[in-house]
K.L.:
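Have a look at this one before I ask anything.
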Amino acid sequence: MQLIDGKATAAEIKQEIAEEVANIVSHGGKRPHLAAILVGHDGGSETYVKNKVLACEACGFTSTLIRFEDDVTESELLSQVDKLNKDDDIDGFIVQLPLPKHISEQKVIEAIDYRKDVDGFHPINVGRMSIGLPCYISATPNGIIELLRRYQIETSGKKCVILGRSNIVGKPMAQLMMQKRLPGDATVTVCHSHSKNLKEECKAADIIIAAIGIPNFVTADMVKPGAVIIDVGTTRVKDETKKSGFRLNGDVKFDEVAPLCSYITPVPGGVGPMTICSLMKNTLAAGKKEYYK
Ligand code: GUN
């Protein structure tokens with residue numbers, strides 16, 4: 001069994017990005033600028049956004065954090081989105097999700113100029129990704145593709161089971177794994193809360209990508225020996241031994257599954273660090289106007 005080290009891979013990629021940014025700036029080019037909108041004080045969102053700002057520093061980007069309280073109105077938020085759309089200094093921006101219930105996430109996502117949508121959530125980017133055109137690809141699936149690429153894991157013709165069908169992970173992951181290129185070329189099955197024979201589907205898989213949000217859901221009896229296991233789960237569970245009072249728990253019962261498989265991502269330190277790294281790659285592409293003028 002080989003552990004897939006997302007933390008080390010992400011550090012490597014951030015170093016590559018920082019070198020490219022230094023080169024751009026030394027030739028008189030513009031330093032990429034990412035803005036993030038954060039609404040409220042959700043613990044998870046605060047941590048994610050803080051880490052995004054830190055990653056910007058590591059990559060040599062400029063970053064701007066714009067905060068609103070929970071009671072911000074939808075129209076106030078939409079006018080901030082509009083301002084960022086029109087701000088020539090901002091290359092890309094994100095609105096951290098989830099948003100409070102009184103705000104339509106879909107409306108906000110669709111208000112973002114797709115050319116600055118470095119999260120890859122706008123329908124134009126989602127559509128372009130699904131037909132294999134250049135675009136911003138959402139961070140978690142793209143981070144997983146990068147791990148498969150860097151670890152040279154074979155995907156062509158393999159049976160890949162994806163657990164979960166969210167717009168952010170499951171659906172784009174399925175699209176990417178079935179693309180006619182590598183990593184990709186896989187035979188993809190998407191399982192979700194209404195799937196029958198979920199255990200059997202998993203047991204037949206060469207690659208399992210677990211993004212179902214249920215801690216320890218994938219157990220040893222669901223895994224074929226030699227399978228590749230990618231764990232996207234990051235559920236916070238109480239842990240008094242930690243300073244924060246919680247730890248992150250994956251969707252895979254690591255201790256019993258790890259000895260069975262060929263490759264596995266740990267939680268934390270697997271997919272998580274790659275997610276922010278993908279956002280940095282998208283921001284660099286935005287700065288370079290790589291996909292859209
Ligand atoms: N919330 C959880 N993941 C993400 C992400 O990738 N982008 C944004 N904007 N919000 C999230």
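We number each residue from 1, following the sequence as shown. Side chains included, hydrogens not; waters and symmetry mates left out as well; all remaining heavy atoms used. Counting convention: from 1, in listed order, for ligands and their atoms alike.
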K.L.:
Could you check whether Lys203 pairs with Asp221 (Lys NZ or Arg NE/NH1/NH2 to Asp/Glu carboxylate O, under 4.0 Å)?
P.N.:
no
K.L.:
For ligand 1, indicate whether the residue Asp119 contacts it via side chain, backbone, both or neither (heavy-atom separation under 4.0 Å).
P.N.:
side chain
K.L.:
Tell me, which protein residue and heavy-atom name are nearest atom 4 (C) of ligand 1, and how many Å apart are they?
P.N.:
Gln96 NE2, 4.1 Å
K.L.:
Side chains of Thr219 and Met222: closer than 4.5 Å at any heavy-atom pair?
P.N.:
yes
K.L.:
Any idea which atoms of ligand 1 are less than 4.0 Å away from a heavy-atom of Val95?
P.N.:
8 (C), 9 (N)
K.L.:
Are any of the side-chain nitrogens in Glu146 or Arg149 under 4.0 Å away from the carboxylate oxygens of its partner?
P.N.:
yes
K.L.:
Between the side chains of Asp206 and Lys158, is the shortest nitrogen-to-carboxylate-oxygen separation below 4.0 Å, so that they form an ion pair?
P.N.:
no
K.L.:
Can a non-hydrogen atom of Phe121 be found less than 4.0 Å from any atom of ligand 1?
P.N.:
yes
K.L.:
Quick check: do Ile137 and Ser278 have side-chain heavy atoms less than 4.5 Å from each other?
P.N.:
no
K.L.:
Among all protein heavy atoms, pick out the one at the shortest distance from atom 10 (N) of ligand 1; state its residue, atom name and that distance to 0.1 Å.
P.N.:
Leu97 N, 3.0 Å
